[in-house]
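Okay, structure first, notes after.
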Amino acid sequence: LVGDRPYGNLAQPNHLASLLLVCICGLLYLQQRRALAGWLAGLLACLLLMAVALTVSRVAWVFALVALVYLLWEIWRGNLRLSKWVPWFFVAFFVGCIFATEYFTHRMDLSQIPLAGRVDGEQMNRLRIWSGLLSAVIHGPWYGYGWMQVASAALASATTQYGEYFNFSHDLIMDLLVWMGPWLGL
């Protein structure tokens, strides 16, 4: 295990979380097609949500919000054979799993980054990276720095100290602006 978050054979915890979330969508599909009993689909979804919570992936948080809105909309329209409380239950269960993961990693003295530090610390670091790269785009060549040259742009904006090496900005629009410049990147 490299780092402190599970990732399986996918090399990154966010990829594992995304794959598990696709599996949950598959469970909903099978339940709606009557190929899987509702109680079994619910039990498997709970197991998968526990695994997603262990990845500590923020992708899952966004997915939970979008899934809640989508499912409630489809239930309201009458397109899903679910009670309106089911999406609320799974979101509450997922939030409970997140806090349980936080609690048990703290109680067992594991080295996982705390939830508050993960939200605040990484977000502030990303904002610093994005502001430095935006400065590099504004003051750099109009044709950009070239494909996959985010690190070159980071070096060009020497006024910002990042504290780490990175190849991507974790933002598609910012990467395109750095690669192709402000004219083609937009």
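Excluded from the calculations below are hydrogen atoms, water molecules and symmetry mates; all remaining heavy atoms, backbone and side chain alike, are included.
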Joint hydrophobic cluster, [X] plus [Y], side-chain heavy atoms closer than 4.5 Å:
| X | Y | value |
| --- | --- | --- |
| V52 | Y29 | yes |
| L49 | F89 | yes |
| L65 | F99 | no |
| I75 | V66 | no |
| L27 | F90 | yes |

Considering all heavy atoms of both residues, which atom of [X] and which atom of [Y] are nearest to each other, and what is their separation?
| X | Y | value |
| --- | --- | --- |
| L20 | A51 | CD1-CB, 3.7 Å |
| A60 | F94 | CB-CZ, 3.5 Å |
| Q31 | A41 | CB-CB, 4.0 Å |
| S57 | N14 | OG-OD1, 2.8 Å |
| R34 | R81 | NH1-NH1, 3.1 Å |

Worksheet item: Between W88 and S83, does a side-chain contact (heavy atoms from CB on, under 4.5 Å) hold up when you go through it step by step?
Response: CA-CA 10 Å; W88 290 106; S83 173; over 6 Å; no
Answer whether the closest heavy-atom distance between the side chains of [X] and [Y] falls below 4.5 Å.
| X | Y | value |
| --- | --- | --- |
| I98 | W61 | yes |
| M50 | F93 | yes |
| P87 | Y70 | no |

Could you measure the distance from the [atom1] atom of [X] to the [atom2] atom of [Y]? Nearest 0.5 Å is fine.
| X | Y | atom1 | atom2 | answer |
| --- | --- | --- | --- | --- |
| T55 | L19 | OG1 | CG | 11.0 Å |
| L82 | L72 | CG | CG | 10.0 Å |
| C25 | L30 | SG | CG | 11.5 Å |
| L54 | F104 | CG | CZ | 11.0 Å |
| L48 | C97 | CG | SG | 11.0 Å |
| L44 | L36 | CG | CG | 6.5 Å |

Practice prompt. Would you confirm whether the ring centroid of W73 sits within less than 6.0 angstrom of the ring centroid of W76?
Written response: yes
Practice prompt. Run the numbers on F63 and S18 for side-chain contact (heavy atoms from CB on, under 4.5 Å), then give the verdict.
Written response: CA-CA 9 Å; F63 176 84; S18 298; over 6 Å; no
Item to complete: Go through L71 and L28 one step at a time and tell me if the side-chain contact (heavy atoms from CB on, under 4.5 Å) criterion holds.
Response: CA-CA 10 Å; L71 291 174; L28 177 64; 3.6 Å; yes
